[in-house]
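The structure appears below as structure tokens.
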Amino acid sequence: MAFVLFNTLTGKKEEFVPLEPGRVKMYVCGITVYDLCHIGHARSAIVFDVIYRFLLSQGYQVCYVRNFTDIDDKILGRAAAEGVDFRTIADRFIRAFHEDMEGLGLLPPTMEPLATEHIPEMIEVIEKLVEKGIAYQAGTDVYFSVERFSSYGKLSGRALEDMVAGARVEVDENKSNPMDFVLWKGSKPGEPAWQSPWGPGRPGWHIECSAMARKYLGATIDIHGGGKDLVFPHHENEIAQAEAAFGQPFARYWIHNGFVNINNEKMSKSLGNFITIRDVLGCMHPESLRLFVISKHYRSPVDFCDETVGEAERGLERLYATVETALEKTAKDAETDYPEDILKREDGELYEKARSLPAMIAEAMNNDFNTAQAIGYIFVLQRNLQRFLDKFGRKSLKGPSARLAAMAADLLLKHCRLMGLLIEEPAVFFDRQRKLKLPTTGMSEQQLYELIELRRKARAEKNFPEADRIRKELEAKRIQLEDSPEGTKWRVSLQPLEG
RNA sequence: GGCGGCAUACCCAAGUGGCAAGGGAGCGGUCUGCAAAACCGUUAUACAGCGGUUCAAAUCCGCUUGCCGCCUCCA
């Protein structure tokens, strides 16, 4: 089956064919390190992590580069505000970014180059553009002349005339066309500066990606990605610089992820509805956030609110619970293999759903990374497996039934892990989930265990009114008790409280 | 003003020419001392509206309405 992805450049789904067979060169725009990352960054990071994992699973050798913009006005602004060096700010937020990405459970990219470590490479590109007469010096700055690059606007699908007509462009006397953008910015006294043929200064924003992508991935890269907001001007300008300088296509497939809204509002600092990754991870399992993100197609906007996030959390718990039960009940007798017809006789539907899962998931992912559809298939198998397990009550499975359940659980686990889900041991997950959620109930672990013990005694004496009173007391704090032969377990209910 | 996207059940969400995936919530049931979880059953003659193409349309084309994004730093 063909592997197709939506290419922003053409506005269509296209079959993916890498430049070199078996190898993929992918560049994803990283962040400007001047503040903590928010859940919009998390979505982008998760989306490209899933893409990266998928490409690897398909046997591609992937070189995945994600840069840091570590010199920029916003970094300088923050440094000035705190009275520290720009490097202090940049390093602080690079560290924070790595903590966040690790917290989210992302595979590290192949490389994470820093803009400031590639100044010579950027100067080289700018010099080339100046030589060709496409860039010009004005005062202490160097600008890219958009009129000299005939296909300017091809990525964002807009014509130069249209942009100029309606754009609110600040008046800059140095520019010969208002749409021209800066390649090199002369430094003011006291600002960080690097030597260049145009005097001391620092690079413009867009040039770093063109220079670093070329250095690490070559003149033409396979996949270039980032958030939708980067289409214009950032990626448009990257194309202009790189293609004007080197005369070769810059990137073949452009992938852009949609935004995260919060309670149906655009997330923005002025609205005060920014949620940082670390805030979210303080009260939610990273895989819950991941399931939330990949339950919707990556190009659509997604709304982050209690209800949609809660659904993801409950779904993840159910997946873990089914896998846990399956592993427990089949632990003793899962190894022996049986012929197909024997397994089918145990549960024909479960057998079929399990066997067809790899092809179904592959088909979904091959179709522009349709993770939402893939997740749908995952839940179909989960329900079939859970139903099968339930038939046995509390008994362990043996022989062909154990083999069938183990096979289904393995496939479920394998394909969840392909998308970065169900990475933890179920017991570890549930323990972590309890620890994350307990603080939201206002009850300490010790208080809780005292009440559970009181209730145990009451039940032992058949004092059910007292036992139920304790259950109700805890339920009012969203702590749900679950009695089982092994004792009473507890978890924090993800169900919103009535009223 | 220019460019683009979206509109599927109470909610979230796949599907993009051939009987409308999946999840959540609700309701009924099984299980349970009572619960919870889980499972079973149930929930769109129908995909914003109108018109067209087709043997066949949620899916293609046109128009209308309503939302949203980008055009300025931004994932």
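Chain naming here is simple, since letters A, B, ... match the order of the sequence lines and numbering starts at 1 in each.
- Judged by distance alone, with hydrogens and angles left aside, A:Asp483 brings a side-chain donor or acceptor within reach of the base of B:C34, the pair sitting under 3.5 Å.
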Under the rule of Watson-Crick or G-U wobble with both distances under 3.5 Å, where | means paired to another strand and [ ] a crossing pair, RNA chain B maps to ((((((((.[[[..)..(...]]].(((((.......))))).....[[[[[..)....]]]]])))))))....
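- The distance between the ring centers of A:His235 and A:Phe250 does not fall below 6.0 angstrom.
- The base of B:G33 sits within donor-acceptor range of the side chain of A:Arg459, with an N or O pair under 3.5 Å.
- For A:Gln382, counting side-chain heavy atoms from C-beta on, the closest listed nucleotide (B:C71, B:C39, B:A75) is B:C39.
- Per the geometry, CG belonging to A:Asp49 stands 18 Å off P belonging to B:A75, to the nearest Å.
- Here the side chain of A:Asp229 is nearest to one of B:C71, B:C74, B:A36, namely B:C74.
- Nucleotides B:A14 and B:C50 are separated by 27 Å at their C1' atoms, to the nearest Å.
- The NE2-P distance, from A:His41 to B:C73, rounds to 15 Å in whole Å.
- A:Leu319 has its CG atom 11 Å from the P atom of B:C39, to the nearest Å.
- Closest approach to the A:Asp468 side chain among B:C34, B:C39, B:U72 is made by B:C34 (side chain taken as heavy atoms from C-beta onward).
- If you check B:U72, B:G23, B:C70 against the side chain of A:Met179, the one that comes closest is B:U72.
- Test A:Phe16, A:Phe3, A:Phe6 against A:Phe369 for ring-ring contact (aromatic ring centres under 6.0 Å, His included) and you get one pass: A:Phe3.
- Contact annotation: side chain of A:Arg299 to base of B:G69, donor-acceptor pair absent below 3.5 Å.
- Summarising the geometry, the separation between CG on A:Leu481 and P on B:A36 is reported as 12 Å, rounded to the nearest angstrom.
- B:C47 and B:C60 are spaced 15 Å apart, taking the P atom of each and rounding to whole Å.
- Protein atom CD of A:Glu236 is 16 Å distant from nucleotide atom C1' of B:U72, rounded to whole Å.
- Residue A:Arg314 places its side chain closer to B:A25 than to any other of B:A25, B:G2, B:G23.
- In this entry the distance linking CZ of A:Arg158 with C1' of B:G1 reads 13 Å, nearest Å.
- Taking 4.5 Å as the limit, some side-chain heavy atom of A:Asp100 sits within range of a side-chain heavy atom of A:Arg278.
- To the nearest whole angstrom, the two P atoms, one in B:A37 and one in B:A75, are 40 Å apart.
- One interatomic measurement links the two molecules: CD of A:Glu466 to C1' of B:A35, which rounds to 16 Å at whole-angstrom precision.
- Under the side-chain hydrogen bond (donor to acceptor under 3.5 Å, both in side chains) criterion, A:Asn257 pairs with A:Ser44, sequence neighbours left out.
- Computed from coordinates, the A:Ile71 CD1 to B:C73 P distance equals 17 Å when rounded to whole Å.
- Look at the P atom in both B:U43 and B:G23: the space between them is 15 Å, to the nearest Å.
- In this structure, A:Arg355 places its CZ atom where only 12 or fewer heavy-atom neighbours from other residues, nucleotides or ligands lie under 6.0 Å away.
- For A:Tyr64 and A:Phe48, the ring centers are positioned 6.0 Å apart or more.
- No contact: A:Met360 has no heavy atom under 4.0 Å from any strand.
- The backbone N or O of A:Ala467 sits less than 3.5 Å from a side-chain atom of A:Arg455, completing a donor-acceptor pair.
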What string of B, S and - do you get for nucleotides 7-19 of chain B, 5' to 3', when a contact is any protein heavy atom under 4.0 Å? ----BSSSS----
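- Minimum atom distance to the side chain of A:Asn257 is reached by B:A75, of the listed B:A75, B:C71, B:G33.
- For a distance-only test at 3.5 Å, the side chain of A:Arg471 qualifies as a donor-acceptor partner of the base of B:C34.
- At a cut-off of 3.5 Å, with distance as the only test, a side-chain donor of A:Asp390 or A:Gln386 sits close to an acceptor on the other residue.
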